[in-house]
Amino acid sequence: MRLMPTRQAPSRFDPKTASSEEWSRFHAFRRQRHLEARQGEPVDPDRLAEIELKRDHPQDKTDVLWTDDGSAVSSVATFWSPRPGAEAYESNRGILWFDLYVLKAYRGRGIARTYLPALLELAVKNDGKVIGLTGEDSDGHDAAVAFGFVKKSEERYSRLDLEEVDWREVERWMEDGPRRSPDRSLQLYTNWPPEEEWPEYSRVISELFNSIPFDDEEHGEIAITPAKLAELTHRMAATDGRVLSLVVREADGRITAVTEMAMWEEQAEYAWQWLTAVHRSVQGNRIGRWIKAAMLVHIRKNHPRVRWVLTGNATSNAAMLKINRELGFRPYRTTSAYQMPMAGFATAVVRVISQSVD
């Protein structure tokens, strides 16, 4: 019996060779998806989205599939796999992720099923041992569970309106830091420390990243390398962006905590809270409150156009969620991550496609 989907298979979208007309349809899809699933945060300007998709990430590979009839795009799937030869590749090898979104106007037509052969092919090509996806809405959650995926973690996205912040309380947090930690100091960098400090900084950031909760997700080591910092620096320059890094240094100069905030000129009202983490060896000293408060005060004084700060946290990260809640962050959407073994994925693909045979 020959297995085939009920509709024409999606094709590959190549960001580096796409025509202006193809990009126009792709951006129209992005904006519509944003309206449907990501209200509460700004949609990336077309220029920034193109730069992001065209970049060569030093640790991951990205494949994009789409269903495009020449006049409109109904769906897009993005597939991520570890890049062979990258730092920490062996610990991440075979851990694959994809994102598949069908616009609401096109749902119920079996379009998602048409992506399965190509996704399976990509998974096999990249030595998949476990594959995961992220669900953003009820349809996505239901489809993931019905297919056989198991929920592994949940991410809560929150935003802070700087016009509603209790700045007296924030300044108390900032002032409380030196009292509790008189031998520690804060140091602020724009677009990371000087390049000669990247080996130390990347080592510390990697350690802090690997300390954050992943719940039940199967995952490898997160490796922030000098090469990745160089690539990110190039990306920020190309997109007129900046990253503020506020670190806590011990008396001997060691970095034991960090908070990072990213901003772009084309989205001047917004700042994105990236990593905030405190090393286990110094937790319990309210250092997280100190650096978060100090960063917000800096943003208020030096970047007055920023009104909204956006962030995402694992719902299991009770300590950081408590800090954010006390600062005034309010949740606006939640996503869930699902995974399943490669063998189970392959079996499910055959089962679902078999149901679509004419």
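Source: prediction; values computed, not measured.
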Between [Y] and [X], is there a salt bridge with N-O shorter than 4.0 Å?
| X | Y | value |
| --- | --- | --- |
| Arg38 | Asp44 | no |
| Arg25 | Asp69 | no |
| Arg286 | Asp176 | no |
| Lys152 | Glu218 | no |
| Arg184 | Glu250 | yes |
| Glu200 | Arg254 | no |
| Asp127 | Arg93 | yes |
| Arg333 | Glu41 | yes |
| Asp240 | Arg47 | yes |
| Arg235 | Glu231 | no |
| Asp216 | Lys151 | no |
| Arg31 | Glu36 | no |
| Arg172 | Glu169 | yes |

Atom [atom1] of [X]: over 12 foreign heavy atoms under 6.0 Å:
| X | atom1 | result |
| --- | --- | --- |
| Lys54 | NZ | yes |
| His34 | NE2 | yes |
| Glu197 | CD | yes |

Answer yes if the side chains of [X] and [Y] hold a donor-acceptor pair under 3.5 Å, and no otherwise.
| X | Y | answer |
| --- | --- | --- |
| Gln187 | Tyr189 | yes |
| Asn324 | Ser158 | no |
| Ser81 | Asn126 | yes |
| His141 | Glu136 | no |
| Thr259 | Gln273 | yes |
| Glu217 | Ser153 | yes |
| Arg83 | Gln59 | no |
| Ser75 | Tyr115 | yes |

Subject >> For the student: nearest non-hydrogen atoms of Leu162 and Trp167, plus distance >> reply: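 It is O-NE1, 3.2 Å.
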**OP:** Flag yes if Val247 and Leu232 sit in one hydrophobic cluster, no otherwise; membership is Ile, Leu, Val, Met, Phe, Trp, Tyr, and two members link when side-chain heavy atoms are under 4.5 Å apart.
**Re:**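 Looking at the clustering, Leu232 is in the same group as Val247.
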Original post:
For the hydrophobic clusters of this structure (ILVMFWY residues joined by side-chain heavy atoms under 4.5 Å, transitively), does one cluster hold both Leu122 and Leu100?
Top reply: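 In one cluster: yes.
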Subject >> Test item: Ser245 and Tyr201 side chains (from C-beta on) under 4.5 Å apart, heavy atoms >> reply: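 A side-chain contact exists here, since the closest heavy-atom pair is under 4.5 Å.
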**OP:** Apply ring-ring contact (aromatic ring centres under 6.0 Å, His included) to Trp274 and Phe209, showing your working.
**Re:** CA-CA 11 Å; Trp274 284 3; Phe209 257 117; 9.1 Å; no
Subject >> Candidate list Lys104, Arg107, Arg33, test salt bridge (Lys or Arg N to Asp or Glu O under 4.0 Å), partner Asp137, passing option >> reply: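 Considering Lys104, Arg107, Arg33, a salt bridge (Lys or Arg N to Asp or Glu O under 4.0 Å) with Asp137 is found only for Arg107.
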Subject >> Trp23 ring center within less than 6.0 Å of Phe26 ring center >> reply: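 They qualify: ring centres under 6.0 Å apart.
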Original post:
Does the gap between the ring centers of Phe329 and Trp308 come in under 6.0 Å?
Top reply: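 Judged by ring-centre distance (under 6.0 Å), Phe329 and Trp308 do not meet the cut-off.
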**OP:** Among Val64, Thr17, Asp63, find the one that has a side chain to side chain contact (heavy atoms under 4.5 Å, CB included) with Arg12.
**Re:**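 So the option named by the test is Asp63.
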Original post:
Say you draw a straight line from CD1 of Ile299 to CG of Leu244; how long is it, rounded to the nearest 0.5 Å?
Top reply: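 The CG atom of Leu244 is 5.0 Å from CD1 of Ile299, to the nearest 0.5 Å.
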**OP:** Quick one: pull up CG in Leu116 and CZ in Arg351 and give me the separation to the nearest 0.5 Å.
**Re:**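 Reported to 0.5 Å precision, the distance equals 10.0 Å.
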Original post:
Is the NZ or CZ atom of Arg180 positioned over Trp290's six-membered ring, under 6.0 angstrom from the centre and within 45° of the axis?
Top reply: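 Because its charged atom misses either the 6.0 Å distance or the 45° angle limit, Arg180 does not stack over Trp290.
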